[in-house]
Novice: 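I have a structure I would like to understand better, so I am pasting it below and will then ask my questions one at a time.
Whatever order the structure lists them in is the order used to number ligands and atoms, beginning at 1. By convention here, the first residue in the shown sequence is residue 1.
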Amino acid sequence: MSYILAIESSCDDTSAAVLNGDLLLSNMIASQKVHEMYGGVVPELASRAHMQNIVPVVDAALKTAGIGKEKLDAIAFTRGPGLLGSLLVGVSFAKALSLSLHIPLVEVNHLEAHVLSHFLRTPQYHHAPSFPFLCLLVSGGHTQILKVESPSKFTTLGGTIDDAAGECIDKAAKIMGLGYPGGPVIDRMAKEGNPKAFKIARPRIPGLDFSFSGLKTSFLYMVRDHLKENPDFIQQNVNDLCASVQAAVVDSLMEKLVMASRQTGIRQVAIGGGVSANSLLRSRMEEGQEKYGWEAFVPPFSFTTDNAAMVGMAGYFKFKEGCFCDLSAVPYARA
Ligand code: KG4
Ligand code: ZN
């Protein structure tokens, strides 16, 4: 039995989780609403909100887990990549608590945590891949295909040469005035739309790399041209627009994932990160089981967008290896 408290504060969600080994006991998330009116995350406001949220969120995670803090064996925290001011709140809190409880600290890479979320166990759910497996990591800032050989060995097979998939979807939503973050709104509105209604340029990048800036620009110009003729174009076509842009992004992701599976011969294929909440991507992954002979790993919704449960899981792998860090660990912004 080893109880781990995990802390995630890399962007605009303050989250704390408690695990007993790989079993998740609690996963609390305080999402910050202050950014909505600015159409994106304002770093300074994010770090202030983390400072307000962190104590109550950790408290709630411990209470929900039914664990007193004196029972904890280690503290795992996200060291990066992310917003430095935001990370600093979680990192400092983790250090202070580890000092006062005399327990070790485990630093976690946020992207690796998204990938390792597949190993989390809940009383209702456990569906973990074995090594090696492929993971399409799609978050707000990253789009990568990784070959995961062990909990600590990740090889990047391909990545975006410009925008991330999530960034592209968020920009499309912004162009249509749908607010931030746009991913969940586009997903919902696309359900009532025709994905073939509008032709959006598909990227043509060789190998396993991605590109989304051309797709984004193609969408922007198409909307702008229609608006010249019809000022109500967006309102009248919003569902079709959402469905078309979503299909363009998901097609592009799936094309490269299929290519990666063919090239490596690996048929255990996972997705992770915020965009893995997307219902079209999820259903394409399920279809992949039949179509490409995959065993598909699609995380439960609560483990897709930023959460501390995944940080705890990644931390537990390191804890088992005795891989601790000391108080000199500072946050890093980039991977
Ligand atoms: O992993 P995440 O929570 O934060 C980062 O580490 O970046 O990912 C956030 C991204 C945003 O771009 C958001 O729009 C996108 O995930 N997202 C979605 C959906 N839910 C969140 N994109 C498409 N469909 C969704 N249902
Ligand atoms: Zn993330």
Novice: Measuring from atom 26 (N) of ligand 1, which candidate in D187, D170, I169 has the nearest non-hydrogen atom?
Specialist: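 Of the listed residues, D187 has the closest heavy atom.
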
Novice: For atom 23 (C) of ligand 1, what is the closest protein heavy atom, and at what distance to 0.1 Å?
Specialist: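 The closest one turns out to be N278 ND2, 3.5 Å.
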
Novice: Are any of the N or O atoms of T304 closer than 3.5 Å to those of ligand 1?
Specialist: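 No - when backbone and side-chain N and O of T304 are compared with those of ligand 1, no distance drops under 3.5 Å.
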
Novice: So, using ring-ring contact (aromatic ring centres under 6.0 Å, His included) as the criterion, who are the partners of F297 when residues are at least two apart?
Specialist: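 F297: ring-ring contact (aromatic ring centres under 6.0 Å, His included) contacts with H127.
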
Novice: Have a look at F119 and tell me which of Y125, F303, F131 forms a ring-ring contact (aromatic ring centres under 6.0 Å, His included) with it.
Specialist: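 Of the listed residues Y125, F303, F131, the ring-ring contact (aromatic ring centres under 6.0 Å, His included) partner of F119 is F131.
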
Novice: Note the single closest protein heavy atom to atom 9 (C) of ligand 1, along with its residue, its atom name and the distance in Å.
Specialist: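 Its nearest protein heavy-atom neighbour is G140 N, 3.6 Å.
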
Novice: Looking at Y221, I'd like to know if its OH atom is crowded, meaning that more than 12 non-hydrogen atoms belonging to other residues, nucleotides or ligands lie closer than 6.0 Å.
Specialist: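 Open: at most 12 neighbouring heavy atoms sit under 6.0 Å from OH of Y221.
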
Novice: What do you reckon, does E167 have a nitrogen or oxygen under 3.5 Å from a nitrogen or oxygen of ligand 1?
Specialist: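 No.
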
Novice: Please indicate whether any nitrogen or oxygen in G274 is less than 3.5 Å from any nitrogen or oxygen in ligand 1.
Specialist: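 Yes.
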
Novice: Would you check whether G182 has a nitrogen or oxygen atom less than 3.5 angstrom from a nitrogen or oxygen atom of ligand 1?
Specialist: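 No, since none of the N or O atoms of G182 sits under 3.5 Å from an N or O of ligand 1.
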
Novice: Assign the ring pair W294 / Y292 to parallel, tilted or perpendicular, where the plane angle (0 to 90°) is split at 30° and 60°.
Specialist: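 Taking Y292 first and then W294, their aromatic rings sit tilted (interplane angle of 30° to 60°).
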
Novice: Side chains of N307 and S15: donor-acceptor distance under 3.5 Å anywhere?
Specialist: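 Note: N307 and S15 side chains miss the donor-acceptor criterion.
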
Novice: Flag yes if more than 12 heavy atoms outside K228 fall under 6.0 Å of its NZ atom; otherwise flag no.
Specialist: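 Buried by this count: over 12 neighbours within 6.0 Å.
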
Novice: When only distance counts, is T305 in polar contact with ligand 1, meaning an N/O pair under 3.5 Å?
Specialist: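 It does not: no N or O of T305 is found under 3.5 Å from an N or O of ligand 1.
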
Novice: For L137, is there any backbone N or O sitting under 3.5 Å from a side-chain donor or acceptor partner on Q144?
Specialist: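 Pair absent, no side-chain N/O of Q144 close to backbone of L137.
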
Novice: May I ask you to check whether over 12 heavy atoms, not counting those of K63, lie within 6.0 Å of atom NZ?
Specialist: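 No, not enclosed.
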
Novice: Looking at OG of S211 and NZ of K256, how far apart are the two atoms once the value is rounded to the nearest 0.5 Å?
Specialist: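 Reported to 0.5 Å precision, the distance equals 9.0 Å.
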
Novice: Below 4.0 Å from ligand 1: does a non-hydrogen atom of C11 turn up there or not?
Specialist: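 For ligand 1, residue contact (heavy atoms, under 4.0 Å) with C11 is absent.
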
Novice: Number the atoms of ligand 1 from 1 as they appear, then name those within less than 4.0 Å of a heavy atom of G141, with their elements.
Specialist: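 Those atoms are 7 (O).
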
Novice: Any heavy atom of H110 sitting closer than 4.0 Å to ligand 1?
Specialist: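 True for this residue.
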
Novice: Can an N or O of G183 be found at a distance shorter than 3.5 Å from an N or O of ligand 1?
Specialist: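 N/O-N/O distance below 3.5 Å exists for this pair.
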
Novice: Return yes if some donor-acceptor pair links the side-chain N/O of Q268 with the main-chain N/O of A270 below 3.5 Å, else return no.
Specialist: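 Side chain of Q268 to backbone of A270: no pair is present.
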
Novice: Of all the non-hydrogen atoms in the protein, which one sits nearest to atom 3 (O) of ligand 1, and at what distance?
Specialist: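 Answer, as residue, atom name and distance: D306 N, 3.1 Å.
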
Novice: For the pair N194 (side chain) and D240 (backbone), establish whether a donor and an acceptor sit closer than 3.5 Å, ignoring hydrogens and angles.
Specialist: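 Checking the backbone N and O of D240 against the side chain of N194, no donor-acceptor pair under 3.5 Å is found.
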
Novice: Once side-chain hydrogen bond (donor to acceptor under 3.5 Å, both in side chains) is applied, do any residues pair with E44, and if so which ones, sequence neighbours excluded?
Specialist: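 Checked E44 against side-chain hydrogen bond (donor to acceptor under 3.5 Å, both in side chains); matches are R48.
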
Novice: Strictly under 4.0 Å, does any heavy atom of H114 approach an atom of ligand 1?
Specialist: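 H114 counts as a contact of ligand 1 under the 4.0 Å cut-off.
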
Novice: Please identify which atoms of ligand 1 are closer than 4.0 Å to at least one heavy atom of G166.
Specialist: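 That gives atoms 12 (O) of ligand 1.
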
Novice: Write out all pairs satisfying salt bridge (charged side-chain N to carboxylate O under 4.0 Å, His left out) with one or both partners inside residues 93-103, taking only residues at least two apart or from two chains.
Specialist: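 For residues 93-103: none.
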
Novice: Closer than 2.8 Å to the Zn ion (ligand 2), which protein N, O or S atoms?
Specialist: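 Within the sphere that stays under 2.8 Å of the Zn ion (ligand 2), the protein atoms of type N, O or S are H110 NE2, H114 NE2, D306 OD1.
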
Novice: Does the side chain of T264 pick up a donor-acceptor pair with the side chain of K147 at under 3.5 Å?
Specialist: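 Not at all, the side chains of T264 and K147 share no donor-acceptor pair under 3.5 Å.
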
Novice: What atoms of ligand 1 come closer than 4.0 angstrom to any heavy atom of A277?
Specialist: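 Once the distances to A277 are compared, the set is 20 (N), 26 (N).
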
